[in-house]
A.B. asks: 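Please find one structure pasted underneath; my questions will follow.
The chains referred to below are lettered A, B, ... by the order of the sequence lines, with proteins before strands, and numbering in each begins at 1. Every value quoted in this text rests on a predicted model; they were computed, and no experiment measured them.
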Amino acid sequence: MQGRSGKLWAQWGLVLGLPLLALLGALAFTTLVLLAVGSPPYPPYWLLFAGVLSSPVRLADMLMLAAPLLLCSSGLTLTFAAGLYNLGIEGQVIIGAVFAMVPLRWWPELSPVALWLLTFGMGALGGMSWALLTAWLRVYGRVNEIFAGLGLNFVATGVTLYLVLGPWKREGSASTSGTEPLDQAIRLPTIEGLRLAPLAPLLALVLLVLVWWLLRQTRWGLSLRATGLNAVAAERFAVPSRRRMIEAMAGCGVLAGLAGTIQVLAVFHTLTPSISSGIGLLALLVTLLVQAHPLLILPVVLFFALLSVGSTQLPLQLQIDSSIGGVLQGALVLCMLLLRGLQQRWSQARVWDNE
Amino acid sequence: MNSEQLVTDVAAILAGAAPLIIATMGETITERAGVVNLSLDGKMLLGAMTGFVAGLYTQNVLIGFLVAALVGMLVALVLCVLSLSLQQSQLAVGFVLALLCTDLSSFLGHEYVRVPGVAVPNLPVPLLADLPVLGPLLFDHSPLVYASFVLVPLVWWWLSGTRSGLVVRSLGERPEAAHSRGVHVVRWRYGITLIGGALVGLAGAAYSLDLKQGWSHRHTAGLGWIALAIVIFGGWSPWRVALGCYVFGALQIAAIRWQSALGGFPTQVLQVAPFALMIVILVLVNMSSSPAVRRHVDRLPGVLRRPLHALFDRLAVAAPAALGKPFDP
């Protein structure tokens, strides 16, 4: 007899133990990869984990990466709850950034606060409309959302390339490095000497709490999760499951669009073809890792941002490719899936033994 | 456009689609067996990189292809263990593998970017290559292109005409039925997914050792996703999937041709355009079978309605019923 407290211990052991084991597994794999190219593993790890913490400048960069990543991950929590794989989030970030450029180009003389509100509004609108296109294809066209989203990602990249190299090109020369940089006055204000615009992470945090509240504390959230678990059954219990899917996609699109706006207004200060820099896909990894649990998102986002910013120093300081950061992130999620599978199989076997 | 140019272009389409055909045939058999392998894009990159490097070191393209096929199988094995044995979501595992393999190929292949390596030689078929029109079109290619010509009917024949092909289809449609007839569902799915993975690895090497000759970061990025889309919207039929590959090849050639015609238009946009257009075409074909479109067609007068219905009935294909679903006997 283990009793209740034994069970509680086992649960906490799983919550803390599994991620730790997964991290060890991922580190073992990454070490093998580093050794394969003949790099001693310790210096890269030092840069990856501690490089960011060594200077306030990089710490600020990390927060500026964490902000849009957090927005995207919060958005994906909604779509995952509805049982949708929103691979189109990259495109939603990109189109959000494109829409955000419109007021910045047309009415730069507005008062900054009004301009920023307008910009964020447009960015959200852009992301939402791109997401609704996918949702519409999924619900009315019977087109799998994974492929509709992927297709729209390609379209979004095409649109941005066309704008950057065509109508919105820089005075004199068109280049993929981006449009004319924004005036200092209309950028989101930063802390002196750092690239940190505190409004961006603040906005992301507020919206994360909002998503958590919507999902866990409201009837709407309950019916959304019911849709994700079994859309047909949910329909029988009078949940409008199609509508919930569309709403989840729209919500994700809004958050992705805001992430794109931050990329323009506070990170790059220009529109480039690679404006999303892969944060949408990285957010998908985050969401898979935490199984769309809203409260676990924050620590994982910070950890992933730490790795990503740390890895940008690798080519400069150690002459090795920065993609090892991505290898570690991917291996971590893969190890987590492996351990979850093993744990489920193990607990199943115990149930059978007890019977 | 003169006829000589047309022959050159069509030959280029046939050659350009060859690696894509190899990859899509691998994914087609995998999905017919009820397994979605979303990792295509990363697996192809890893196959391209390892194949190129192995070929470079041994100065032997065959060893390059062999290594690429083994790497493809290894990645497929990870998917099998996690999703078939440990019941994790196939979509989740496949997606993570796609990203992980992409980064692995970039990191491990960093030293070999734009290094000159070995390549598959052209192999004109004696006598046949000298035929007018047909010669340059069909018989003056690298061995890989011939392989792609043979592979499509081979896969079709295997799936529809053989006993083991029937087993594979039953795995995708009614795994319970296959199970009750003594077929070991999980073991068969392992086998088919591994073969599919090997073909995708080969396809990656077909880019780095033949069509694109060389390696660079994210060398074939995007093509794996296109291949996946072609399989899904191609209705899992080898012929239609192959047709999809050729349409994509044609779009790519067209983009190159228009590059010179549209002087002021940014060329980078034209490079992305085939990817976007391809998906739009596939989506339109796929949407024709949706109930919403049906309802609209039903309102049309009979003259229009009947041929449209006939066309849509031909286009509509149901997915393998057990696609992506876990099997627990």
A.B. asks: Could you look at B:Leu277 and say if it's the side chain, the backbone, both or neither that has a heavy atom under 4.5 Å from chain A?
C.D. replies: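 No part of B:Leu277 comes within 4.5 Å of chain A.
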
A.B. asks: Please classify the contact of B:Ile232 with chain A as side chain, backbone, both or neither, using a heavy-atom distance under 4.5 Å.
C.D. replies: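 Contact with chain A involves the side chain of B:Ile232 alone.
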
A.B. asks: With rounding to the nearest 0.5 Å, note down the distance linking CZ in B:Phe107 to OG in A:Ser39.
C.D. replies: 6.0 Å

A.B. asks: Show the nearest heavy-atom pair for residues A:Phe154 and B:Val272, with the distance to one decimal.
C.D. replies: O-CG1, 3.5 Å

A.B. asks: Rounded to the nearest 0.5 Å, how far apart are OH of A:Tyr85 and CZ of B:Phe95?
C.D. replies: 9.5 Å

A.B. asks: For B:Ala276 and A:Val155, which heavy atoms make the closest approach, and how far apart are they?
C.D. replies: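 Smallest heavy-atom distance, with atoms named: CB-CG2, 3.6 Å.
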
A.B. asks: Need one label for A:Leu334: side chain, backbone, both or neither, based on atoms under 4.5 Å from any heavy atom in chain B.
C.D. replies: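 Its backbone and side chain both get close to chain B.
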
A.B. asks: Is chain A contacted by the side chain of B:Ser89, its backbone, both, or neither, given a heavy-atom distance below 4.5 Å?
C.D. replies: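 The side chain, not the backbone.
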
A.B. asks: Looking at A:Leu342, A:Thr157, A:Leu152, which one has more heavy-atom pairs under 4.5 Å with chain B than the rest?
C.D. replies: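 When all of A:Leu342, A:Thr157, A:Leu152 are compared, A:Leu342 has the most.
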
A.B. asks: Stepwise, does the side chain to side chain contact (heavy atoms under 4.5 Å, CB included) test hold for B:Glu111 with A:Val37?
C.D. replies: CA-CA 9 Å; B:Glu111 297 275 308; A:Val37 297; 6.0 Å; no

A.B. asks: Any sub-3.5 Å donor-acceptor pair from B:Ser106's side-chain atoms to A:Ser323's backbone N or O?
C.D. replies: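 Between the backbone of A:Ser323 and the side chain of B:Ser106 there is no qualifying donor-acceptor contact (under 3.5 Å).
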
A.B. asks: Measuring from B:Gln87:CD to A:Gln348:CD, what's the distance to the nearest 0.5 Å?
C.D. replies: 7.5 Å

A.B. asks: Under a 4.5 Å heavy-atom cut-off, does chain A meet the side chain of B:Ala92, its backbone, both or neither?
C.D. replies: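 The answer is both parts of B:Ala92.
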
A.B. asks: Go through B:Leu100, B:Ile226, B:Leu38 and name the one with the most non-hydrogen pairs under 4.5 angstrom from chain A.
C.D. replies: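 Option with the greatest count: B:Leu100.
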
A.B. asks: A:Val327 and side chain to side chain contact (heavy atoms under 4.5 Å, CB included): which partner among B:Thr102, B:Leu99, B:Leu104?
C.D. replies: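 Of the listed residues B:Thr102, B:Leu99, B:Leu104, the side chain to side chain contact (heavy atoms under 4.5 Å, CB included) partner of A:Val327 is B:Leu104.
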
